Amino acid sequence: MKFGTKAIHAGVEPDPTTGAIMTPIYQTSTYVQESPGKHKGYAYARGANPTRNALQKSIAALEDGKFGLCFSSGMGATDAVIKLLSPGDEVITSNDLYGGSYRMFKRVFEKFGIKFHFIDLTDSKNIHQYLNANTKLMWLETPSNPLMRIIDIAACCEVAKKHNIMVAVDNTFASPYLQNPLALGADIVMHSVTKYLGGHSDVIMGALIVNDEKLYSDLAFIANSCGAVPGPQDSFLVLRGIKTLHLRMERHCFNGTKVAEFLKNHAKVGKVYWPGFSDHPNHDIAKRQMRDFGGMISFTLKNDTVENAIKLMESVELFSLAESLGGVESLINHPASMTHASIPKEERIKNGLSDSLIRLSVGVEDIEDLLADLDNALAKV
Ligand SMILES: *Cc1c(COP(=O)(O)O)cnc(C)c1O
């Protein structure tokens, strides 16, 4: 099955009792058993729920994976992966990471004795000096947030395989429509389902997709033991959102390309960060491992001050000033004070994230309206 057909059909069967074409919302916490332990695979809804199961199958199919597991948030999914580790274990990850992942690694898990190395992974050769017998996991995020750097997933997986290290990829920015890390050698794909998969800015959810059965059962054990599972109503909303994922992504990519080119040619704009430009430092890898370049763009102004950047963010009308991304509506964001405020300033600046950087999540509105809105706002700065 091809992607669009899977988005509509994978994991979804007509309801066995009524024939309902849409998966019912099984709003129940528990299930009646025939005799103790004898049931239809459902005992208590922390462990399993039919609406959630349909969604897990759908998301697994989109990543060409065998097993999917959904969590109550993207951070809940990441938390489950780190809980596979033990005190003394070490993780190699990138220095240009979602702020919440950085915060969880540094402030929650370091105190349990897990060590994180935040390094430049755009060159896989950098990995070697941080490898040792305790290295257990590589955590990649590509395209990175918010600087749109691209990490070569296959090259990192090759190094990891040689040293028996597990690789997890946060695939939130690309969505399964643009990139499938399992096919490039990764062991775990993580999604903030909140973003492109849900697609309508109305649900918080996370997911993990794996091929290995033992890894799946270890993660399912953690999900059930620690309990960060999503409810049936949210599972239903995401099942509905996924049915248009391919259509939305096509438009996100089209609009993203137009907006990136518009900004690049605008006299008031400084640097534009978008992997689709042929002069982007990692453009070749992006072209190889992604099907298109997406609708996430960051940029600075030529008059590069924080005040000016804030003025622009206050001047746009169609682009809403908000955290998050991947919804049908266009958003504008100030990473330094919003999505990445949890990363210490000196750490941020060192990694190239300036206080004046502006990030866009380009939605699926009509492109003429989006460009007019940006043009009007740029005239005021
Ligand atoms: C939003 C986001 C997360 C966290 O997901 P939540 O659903 O907000 O918990 C992780 N990684 C990336 C890249 C994100 O954009």
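Order of appearance sets the numbers: ligands from 1, and atoms from 1 within every ligand. Given the structure is predicted, the values throughout are model-derived calculations rather than measurements.
Scanning the protein for heavy atoms near atom 7 (O) of ligand 1, the closest one is Thr194 OG1, 2.7 Å. In terms of protein heavy-atom proximity, atom 5 (O) of ligand 1 is nearest to Ser192 OG, 3.0 Å. What sits closest to atom 3 (C) of ligand 1 on the protein, heavy atoms only, is Tyr98 CE2, 3.4 Å. Shortest contact from atom 1 (C) of ligand 1 to any protein heavy atom: Lys195 NZ, 1.4 Å.
Near Asp170, meaning under 4.0 Å from one of its heavy atoms, ligand 1 places the atoms 10 (C), 11 (N), 12 (C), 13 (C). Taking every non-hydrogen atom of Met205 and a distance limit under 4.0 Å, the qualifying atoms of ligand 1 come out as 7 (O).
There is no path of hydrophobic side-chain contacts, each under 4.5 Å, that joins Leu312 to Leu331.
Considering both main-chain and side-chain atoms, Gly74 comes within under 3.5 Å of ligand 1 through a nitrogen or oxygen pair. Considering backbone and side-chain N/O atoms, Ser101 never comes within less than 3.5 Å of an N/O atom of ligand 1. Taking only nitrogen or oxygen atoms, main chain and side chain alike, Glu141 does not reach within less than 3.5 Å of ligand 1.
Looking at Lys311 and Glu314, no side-chain N of the basic residue comes within less than 4.0 Å of a carboxylate O on the acidic one, giving no salt bridge. Asp284 has no carboxylate O lying under 4.0 Å from a charged side-chain N of Arg288, or vice versa, which leaves the two without a salt bridge.
In this structure, Lys287 has no salt bridge (Lys or Arg N to Asp or Glu O under 4.0 Å) partners at least two apart in sequence or on a different chain.
Remark: Lys271 is positioned above the aromatic ring of Tyr273, its terminal NZ or CZ atom under 6.0 angstrom from the ring centre and at most 45 degrees off the axis.
A donor-acceptor contact shorter than 3.5 Å is absent between the side chain of Ser94 and the backbone of Leu97.
Ring to ring, His117 and Tyr130 are close: their centroids are under 6.0 angstrom apart.
Ligand 1 has at least one atom lying under 4.0 Å from a heavy atom of Leu325.
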